[in-house]
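Just below is one structure, and these are the notes that go with it.
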Amino acid sequence: FQRLRQGLSRSSKELSSNIAGVFTKRKLDEDTLQDLEDVLIRADLGMETAIRITDSLASGRYGKDVSESEVRAIMAQEVEKVLGPVALPLELDLSHKPHVILVVGVNGTGKTTTIGKLAAKLVSGGLSVTLAAGDTFRAAAIEQLKIWGERTGSPVVASKLGADAAGLAYDAFEKAKEAGSDVLIIDTAGRLQNRTELMAELEKIVRVLGKLDPEAPHTVLQTVDATTGQNALNQVEIFRNVAGVNGLVMTKLDGTARGGILVAIAAKHKLPVYFIGVGEQVDDLEPFSASDFAKAIAG
Ligand code: GDP
């Protein structure tokens, strides 16, 4: 919790000082509520949650003096209500052997790093993992994944730069089956610049995996970079439609002033948030806790 609090300190400090600005010796009236709503929207929390918070605050307190700490407490309470239903643990169905996790997201959002951290977590929990270097467009991504493979003692299935990603995914699935791996984690490219091509590639990966197991991929995880702000909402929309995303990892929550976007994404998309990334190191992937996040962002 301390790490999360520290990571979100820029988000919460900015929010607190703006809230303090609204509530200097002012009664709770239409103007203060409007100003507060603006502050919450500027903090990326989203319109829906901003209204929830101001409505909750106004009920019973309209026309009265309210303290900043009271506002923060209500904010934490309402944020937790939004996040509670999406704070779910990642469950693996090991009867599939392997349970296939397809990791998607825009380049630079932290796919490869998250895969490495996740593999380390699973391996230390006693599971065997195979990694597939499906971002066949970037040599660096393939190399990075190989390093994570070495670190975690997980085999990495890779091919030459520019190879067909779906072919590689199929190959990796077969190899993971042969090796008896519990989990297969597949990296993918995230070139949003060429959306049609990306869409075709991801659809093809999903289709070929389904040939070996009609339920695969069992988890489609999207990494979302918290520092992106509002744009993150569209990114989730796109990958949800293209790849059938059914879970999220919010990365780079350390040091961002835009952590509120997680709340807006939860309110809009209602997808499970399995983990949060709070740094670049192997241990910097934490299960997502609604109450910790709510407390950390409310300051
Ligand atoms: P990909 O292109 O989606 O595979 O993204 P990468 O895994 O290569 O990550 C892009 C950059 O973000 C790298 O420099 C990572 O070290 C960094 N990164 C990933 N996750 C986090 C995080 O949670 N916090 C911070 N501060 N950096 C991260």
Side-chain angles (χ1 to χ4, degrees), residues 1-11 90 101-121 129 131-152 154 156-158 161 165 168-169 172 185-195 197-198 201-202 205 219-229 231-232 234-236 238-239 242-243 245 247-262 265 273-289 292-293 296-297:
F1 176 62
Q2 284 314 324
R3 300 256 346 251
L4 180 63
R5 167 162 280 181
Q6 201 184 354
L8 282 177
S9 62
R10 277 187 63 206
S11 299
L90 171 64
I101 303 176
L102 184 66
V103 181
V104 301
V106 176
N107 276 343
T109 53
K111 281 185 300 293
T112 313
T113 311
T114 300
I115 291 172
K117 293 172 180 174
L118 180 58
K121 242 186 209 332
V129 177
L131 302 176
D135 182 354
T136 55
F137 269 82
R138 292 191 312 137
I142 302 174
E143 285 317 306
Q144 216 187 322
L145 204 71
K146 284 184 179 165
I147 293 169
W148 281 110
E150 272 170 35
R151 264 202 218 173
T152 59
S154 311
V156 179
V157 181
L161 204 59
L168 175 93
I185 313 179
I186 306 172
D187 198 3
T188 62
R191 299 154 292 122
L192 262 197
Q193 304 87 313
N194 192 338
R195 206 186 288 182
E197 213 175 277
L198 178 68
E201 181 172 295
L202 290 174
I205 292 175
T219 303
V220 183
L221 206 59
Q222 179 175 0
T223 50
V224 183
D225 178 341
T227 63
T228 336
N231 208 2
N234 299 332
Q235 289 182 8
V236 176
I238 292 167
F239 280 90
V242 173
V245 168
L248 304 175
V249 175
M250 178 66 70
T251 63
K252 308 189 196 179
L253 275 173
D254 47 309
T256 177
R258 319 205 65 176
I261 193 65
L262 176 47
I265 291 175
V273 178
Y274 294 128
F275 297 102
I276 53 172
V278 290
E280 298 183 272
Q281 302 307 313
V282 63
D283 291 329
D284 296 334
L285 185 72
E286 297 183 353
F288 178 56
S289 154
D292 283 358
F293 188 93
I297 199 149

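Because only heavy atoms are used, hydrogens play no part in the values below, and waters and symmetry mates are left out as well, while side chains stay in. This chain uses plain numbering: 1 for the first residue, then up along the sequence. Remember, it's 1-based here, ligands and their atoms both numbered in the order they're listed. Because the structure is a prediction, the values reported are computed rather than measured.
At least one heavy atom of T109 sits closer than 4.0 Å to an atom of ligand 1. Between V106 and ligand 1 there is a heavy-atom distance shorter than 4.0 Å. Distances shorter than 4.0 angstrom do not occur between any heavy atom of T223 and any atom of ligand 1.
Protein heavy atom closest to atom 8 (O) of ligand 1, with residue, atom name and distance, is Q144 OE1, 3.4 Å. Taking atom 26 (N) of ligand 1 as the reference point, the nearest protein heavy-atom neighbour is D254 OD2, 2.7 Å. In terms of protein heavy-atom proximity, atom 18 (N) of ligand 1 is nearest to K252 CE, 3.8 Å. Protein heavy atom at the shortest distance from atom 7 (O) of ligand 1 is T113 OG1, 2.5 Å. Of the protein's non-hydrogen atoms, the one nearest atom 16 (O) of ligand 1 is E280 OE2, 2.5 Å. Closest protein heavy atom to atom 22 (C) of ligand 1: G279 O, 3.2 Å. Of all protein heavy atoms, the one lying nearest to atom 5 (O) of ligand 1 is G110 N, 3.0 Å. Counting protein heavy atoms only, atom 3 (O) of ligand 1 is closest to K111 N, 2.8 Å.
Going from atom CG of D292 over to atom CG of L4 covers 6.5 Å, rounded to the nearest 0.5 Å. I276 CD1 to M250 CE: the interatomic distance, rounded to the nearest 0.5 Å, is 9.5 Å. From L145, atom CG reaches atom OG1 of T113 across 10.0 Å, with rounding to the nearest 0.5 Å. A distance of 3.5 Å separates CZ of R195 from CD1 of I238, quoted to the nearest 0.5 Å. The NZ atom of K117 lies 11.0 Å from the CZ atom of F275; values are rounded to the nearest 0.5 Å. The CG atom of L161 sits 10.0 Å away from the CD atom of E143 when rounded to the nearest 0.5 Å.
Nearest heavy-atom pair across A158 and K146 is CB-CE, 4.0 Å. Looking at every heavy atom in both residues, G255 comes nearest to R10 through O-NH1, 2.9 Å. Considering every non-hydrogen atom in both L198 and G190, the closest pair reads CD1-CA, 4.2 Å.
Within the listing of ligand 1, atoms 23 (O) sit less than 4.0 angstrom from a heavy atom of G277. The contact set between ligand 1 and V278, taken as ligand atoms under 4.0 Å from a residue heavy atom, comprises 23 (O).
Contact annotation: for T112 versus ligand 1, heavy atoms closer than 4.0 Å belong to both the backbone and the side chain. Residue-level proximity to ligand 1 for K117 is carried by the side chain, the only part with a heavy atom below 4.0 angstrom.
Residue T114 has no N or O atom closer than 3.5 Å to an N or O atom of ligand 1. For ligand 1, the polar-atom distance check finds no N/O of N107 at less than 3.5 Å from any of the ligand's N/O atoms. At under 3.5 Å, not a single nitrogen or oxygen of T251, backbone or side chain, sits near a nitrogen or oxygen of ligand 1.
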* Asked: side-chain contact (heavy atoms from CB on, under 4.5 Å) between T228 and I261: does it pass, once the steps are laid out?
  -> CA-CA 9 Å; T228 336; I261 193 65; over 6 Å; no
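The heavy atom nearest to atom 1 (P) of ligand 1, considering only G105, G255, G108, is found in G108.
Among the candidates T251, T223, T114, D225, the single residue satisfying the side-chain hydrogen bond (donor to acceptor under 3.5 Å, both in side chains) test with T109 is T223. R3 pairs in a side-chain hydrogen bond (donor to acceptor under 3.5 Å, both in side chains) with only one of the listed residues (D283, D254, D284), which is D284.
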